[in-house]
Protein chains: 2
Amino acid sequence: MPSDEQYRQLLAFRTQLRRFDHWSREAASEHGVTHAQHQLLLAIRGSASAGGPPIGEVAEALLVRPHTAGELVDRLASGGFVERVQDDADHRRVRLRLTAEGERVLRDLTSVHLDELRRLGPVLGPMLDDL
Amino acid sequence: MPSDEQYRQLLAFRTQLRRFDHWSREAASEHGVTHAQHQLLLAIRGSASAGGPPIGEVAEALLVRPHTAGELVDRLASGGFVERVQDDADHRRVRLRLTAEGERVLRDLTSVHLDELRRLGPVLGPMLDDL
DNA sequence: TCCTATTATCTCGTACCCCGATATATCTGT
DNA sequence: ACAGATATATCGGGGTACGAGATAATAGGA
């Protein structure tokens, strides 16, 4: 049975996460992509797969079903941020690559996110310790 | 210009947040509410307003527009988790109260979330420091 | 080789979340 | 009483995610 104080602490922690999330969504939006689309760009960039990750891999990284990742790719591709490339060896596979535009947007977003997280760290760390 | 290592660190941090978020959504779902609805319950419980917070106050806490919070309340009310109560002094205002069922669900969710965050803390803290 | 099982992706229909624009009811100050 | 401000609700639309089912390609066994 949580105490009133614990409810307040949990709400305060969520409020911090929410502020970061809200800020992040706005930052993405200002660069022409949504939050989920930004995360997909980052998952592509951070992948170790040569030739770009297949859709199934980014779906796993994003914790969504493959067809959901496919829908995100549809919207990113029609915005010119990513490209679908047929895998040579396995024609079922579609590998993903950032376009120059996608690379640029991700770079800018990553810079401001690193800055923001360096500000957030000293706030969030102590809150986690207090729980 | 972020380094490959920084892209990887940012992705790893996001992956941790995403895991927590995903786990949290499933926990809420198992108790019959969605993630956003859970956050609204917590915002009501954590409010300092006597007689329960008005819709505008929880909208502000959740960083959404008042009419968005209203929609969440619609769905929570039809599920029997919250009640709308007309304010005596100002008839424009609708104050929110948890039902016994809403209180119970929030208590259970809060307990498991406190446990989970105590596990997450030692993982997330160092990652924030490394950025 | 052929047939079946598996895998990767896509399509369709649905629910939720959030928004902007707009409407309605109520309060406040003059 | 009236004009402007405030609180909430309604309508229409885009984005995200899902389950079910379809399609295409690969892999393994007889």
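When reading the values below, keep in mind they use all heavy atoms of this one structure, side chains included, and skip hydrogens, waters and symmetry mates. Below, chain A is the first sequence line, B the second, and so on; all start at residue 1.
Among C/dC10, D/dA25, D/dC18, the nucleotide with an atom closest to any side-chain atom of A/His91 is D/dA25. Relative to the side chain of A/Val94, the nucleotides D/dT26, C/dT9, C/dC18 differ in distance, and C/dT9 lies closest. The listed nucleotides are C/dA21, C/dC27, C/dC10; the one nearest the side chain of B/His67 is C/dA21. Side-chain atoms of B/Ile55 lie closest to D/dA9 of the nucleotides C/dT9, D/dC18, D/dA9.
Judged by distance alone, with hydrogens and angles left aside, the side-chain atoms of B/Arg95 form a donor-acceptor pair with the main-chain N or O of B/Gly52 at under 3.5 Å. With hydrogens and angles ignored, the 3.5 Å screen pairs no side-chain donor or acceptor of A/Arg84 with any backbone N or O of A/Val94. Side chain of B/Gln6 to backbone of B/Ser3: a donor-acceptor contact under 3.5 angstrom is found.
Proximity of residues 30-39 of chain B to DNA chain C (heavy atom under 4.0 angstrom from any strand atom) is restricted to B/Thr34, B/Ala36, B/Gln37.
Both A/Asp88 and B/Glu57 lie near DNA chain D, and the one whose nearest nucleotide falls closer to the 5' end is B/Glu57.
In this model, the phosphate group of D/dT8 is not approached by any side-chain N or O of B/Arg93 to a distance below 4.0 Å at OP1 or OP2. In this model, the phosphate group of C/dC17 is approached by a side-chain N or O of B/Arg75 to a distance below 4.0 Å at OP1 or OP2.
For the pair A/Val105/A/Leu98, no side-chain contact is recorded, criterion being any heavy-atom separation below 4.5 Å from C-beta on. Here the side chains of A/Glu116 and A/Trp23 are in contact, with some heavy-atom distance below 4.5 Å.
The residue A/Arg95 sits apart from the nucleic acid: no heavy atom pair falls under 4.0 Å. Among the atoms of the strands shown, none is found under 4.0 Å from any heavy atom of B/Ala59. B/Arg84 comes within contact range of the sugar-phosphate backbone alone, with a heavy-atom separation under 4.0 Å but no base atom that close.
Residues A/Ala69 and A/Val64 approach most closely at N-CG2, 4.0 Å, considering heavy atoms. Here the closest heavy-atom approach between residue B/Gln37 and residue B/Val33 is recorded as OE1-CA, 3.6 Å.
For A/Glu71 against C/dC10, a side-chain-to-base donor-acceptor contact under 3.5 Å is absent. In terms of polar N and O atoms assigned as donor or acceptor, the side chain of B/Arg92 never comes within less than 3.5 Å of the base of D/dT8 in a complementary pairing.
Atoms CG (A/Asp87) and P (C/dT9) sit 9 Å apart, rounded to a whole Å. The nearest whole Å value for the distance from the CG atom in A/Leu62 to the P atom in D/dG15 is 17 Å. Rounded to a whole Å, the CD atom of A/Gln86 is 10 Å from the P atom of C/dT9. Between the CZ atom of A/Arg25 and the P atom of C/dC17 there is a distance of 13 Å, rounded to whole Å. Atom pair B/Asp74:CG and C/dC18:P shows a separation of 13 Å (rounding to whole Å applied). Between A/Leu76 atom CG and D/dG14 atom C1' the separation is 15 Å, expressed in whole Å. Going from atom CZ of A/Arg65 over to atom P of D/dA17 covers 12 Å, rounded to whole Å. Taking atom CZ on A/Arg18 and atom C1' on C/dC17, their separation rounds to 14 Å, with Å as the unit.
Screening residues 18-35 of chain A for salt bridge (charged side-chain N to carboxylate O under 4.0 Å, His left out) gives A/Asp21-A/Arg25 as the qualifying pairs, with residues at least two apart or on separate chains.
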